[in-house]
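Below you'll find the structure, written out as structure tokens, and then a few comments.
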Amino acid sequence: MKKLIIVALMSVATFSVFAQEKSQETATAGEQNRENSEIVVWPAFFAVCEYPASTDVIGLRLTIPYATKQDNVTGFDVGLWGRSTYFEGIQVNLLRNDVKDAFCGVQLGIYNSVGHGQMNGFQIGLWNEAISVHGLQCSLVNVAGDIEGFQVGLINRCESMHGFQVGVINVIRSAEMKFCPLVNIGF
């Protein structure tokens with residue numbers, strides 16, 4: 001077991017050094033020719049220091065102990081705090097899942113958010129928020145702009161809805177019946 005842990009730590013350290021060298025090469029190439037800048041794609045990404053936001057991840061991103069922000073992440077994101085501009089896949093971060101624009105997949109964490117774009121899929125946690133939802137929000141507090149789907153939680157709030165809310169406090173601001181305990185339906 002000790003040998004396995006040592007080999008794993010050595011591989012992470014080697015990968016981190018390689019990743020830093022590659023990001024420096026990318027930064028140098030970007031400075032030399034800004035019009036033809038490279039985009040680095042990682043099959044497995046271990047966040048151990050700050051990386052350029054232009055680094056794309058396809059595969060696994062591990063954000064323990066450091067939370068980084070990439071523009072595009074496709075695959076599986078595990079850690080404490082996951083940030084990206086666009087995300088497709090599964091985010092399982094303990095503290096926060098933060099996507100600034102478009103999200104497609106599943107977010108599991110204490111606080112899940114999709115800032116400006118559309119959220120297609122599921123948000124499961126203690127607090128969920130998104131501007132546009134096509135899918136399910138399940139938590140203690142769910143907040144959305146426009147939603148087509150379901151909200152299940154203690155407090156559910158949205159601007160407009162085509163679907164159902166199930167909870168103690170259900171608010172659909174554009175509906176004729178704005179507040180309805182237990183179940184609220186939007187058409």
Side-chain angles (χ1 to χ4, degrees), residues 12 15-16 18-20 22-23 25-27 29-30 37-153 155-163 165:
V12 168
F15 187 80
S16 300
F18 173 74
Q20 287 176 345
K22 192 65 174 169
S23 67
E25 291 173 13
T26 303
S37 64
E38 292 182 39
I39 295 178
V40 180
V41 178
W42 297 99
F45 183 87
F46 300 95
V48 293
C49 64
E50 186 66 38
Y51 289 91
S54 63
T55 304
D56 292 345
V57 177
I58 298 174
L60 170 69
R61 178 172 74 166
L62 182 64
T63 57
I64 299 174
Y66 197 79
T68 61
K69 180 183 182 287
Q70 278 73 39
D71 282 337
N72 299 304
V73 178
T74 302
F76 195 63
D77 182 19
V78 179
L80 298 175
W81 188 302
R83 300 179 296 168
S84 65
T85 304
Y86 303 97
F87 189 91
E88 292 181 5
I90 299 173
Q91 279 189 308
V92 180
N93 288 290
L94 180 64
L95 300 177
R96 183 171 182 184
N97 295 303
D98 182 21
V99 177
K100 293 295 178 200
D101 201 347
F103 175 83
C104 183
V106 177
Q107 286 185 326
L108 300 168
I110 292 175
Y111 179 60
N112 303 306
S113 67
V114 178
H116 302 291
Q118 184 169 326
M119 193 283 292
N120 293 315
F122 303 105
Q123 288 182 319
I124 301 169
L126 295 179
W127 183 288
N128 297 323
E129 65 182 40
I131 298 297
S132 177
V133 175
H134 291 261
L136 169 72
Q137 288 185 315
C138 182
S139 73
L140 292 178
V141 178
N142 296 304
V143 178
D146 302 321
I147 184 167
E148 290 185 15
F150 302 97
Q151 288 183 319
V152 179
I155 300 170
N156 301 305
R157 180 195 173 277
C158 66
E159 295 297 320
S160 66
M161 175 171 234
H162 295 319
Q165 293 177 324

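The shown structure was predicted, so the numbers you read here are calculated from the model rather than taken from an experiment. We count residues from 1, following the sequence as given.
Residues W81 and L95 approach most closely at CE3-CB, 4.4 Å, considering heavy atoms. The shortest non-hydrogen separation linking V73 to Q70 is CG2-CB, 3.9 Å. Taking each heavy atom of V133 and A144 in turn, the nearest pair found is CG2-CB, 3.9 Å. Taking both residues in full, the closest heavy atoms of D77 and R61 are given as OD2-NH2, 2.8 Å, listed atom of the first, atom of the second, then distance.
Atoms OG and CD, from S139 and Q151 in turn, are 8.5 Å apart once rounded to the nearest 0.5 Å. If you take OH on Y111 and CG on L126, they are separated by 12.5 Å, rounding to the nearest 0.5 Å. If you take CG on N142 and CG on N156, they are separated by 5.0 Å, rounding to the nearest 0.5 Å. Taken to the nearest 0.5 Å, the OG atom of S160 stands 3.5 Å off from the CG atom of D146. Here CG of N97 is found 8.0 Å from OG of S113. Values are rounded to the nearest 0.5 Å. Note that the CD1 atom of I147 and the CE atom of M119 stand 7.0 Å from one another [nearest 0.5 Å].
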- prompt: Are R83 and D98 close enough, and set up right, to give a salt bridge (charged side-chain N to carboxylate O under 4.0 Å, His left out), and what steps lead you there?
  reply: CA-CA 5 Å; R83 300 179 296 168; D98 182 21; 6.0 Å; no
query: Hey, mind stepping through T85 and D101 against side-chain hydrogen bond (donor to acceptor under 3.5 Å, both in side chains) and telling me if it holds?
result: CA-CA 5 Å; T85 304; D101 201 347; over 6 Å; no
Step-by-step side chain to side chain contact (heavy atoms under 4.5 Å, CB included) determination, V106 to L108: CA-CA 7 Å; V106 177; L108 300 168; 3.9 Å; yes
message: Between L60 and F76, is the side chain to side chain contact (heavy atoms under 4.5 Å, CB included) condition met? List the steps.
response: CA-CA 5 Å; L60 170 69; F76 195 63; 3.8 Å; yes
task: Please report the C-alpha distance between D71 and D56 in whole Å, then the side-chain angles of each, then the deciding distance to 0.1 Å, and finally whether the side chain to side chain contact (heavy atoms under 4.5 Å, CB included) criterion is met.
output: CA-CA 6 Å; D71 282 337; D56 292 345; 4.1 Å; yes
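For F122, the CZ atom sits in a loose shell: 12 or fewer heavy atoms of surrounding residues, nucleotides or ligands are nearer than 6.0 Å.
A 4.5 Å side-chain heavy-atom check between C158 and Q165 finds at least one atom pair inside the cut-off. The shortest distance between side-chain heavy atoms of V99 and Q91 falls below 4.5 Å.
By the 30° and 60° cut-offs, the orientation of the rings of F87 relative to F103 is parallel.
Among residues two or more places apart in sequence or in another chain, the ring-ring contact (aromatic ring centres under 6.0 Å, His included) test is passed with Y86 by none.
Of the possible donor and acceptor atoms, one in the side chain of N128 sits under 3.5 Å from a partner among the backbone N and O of Q123.
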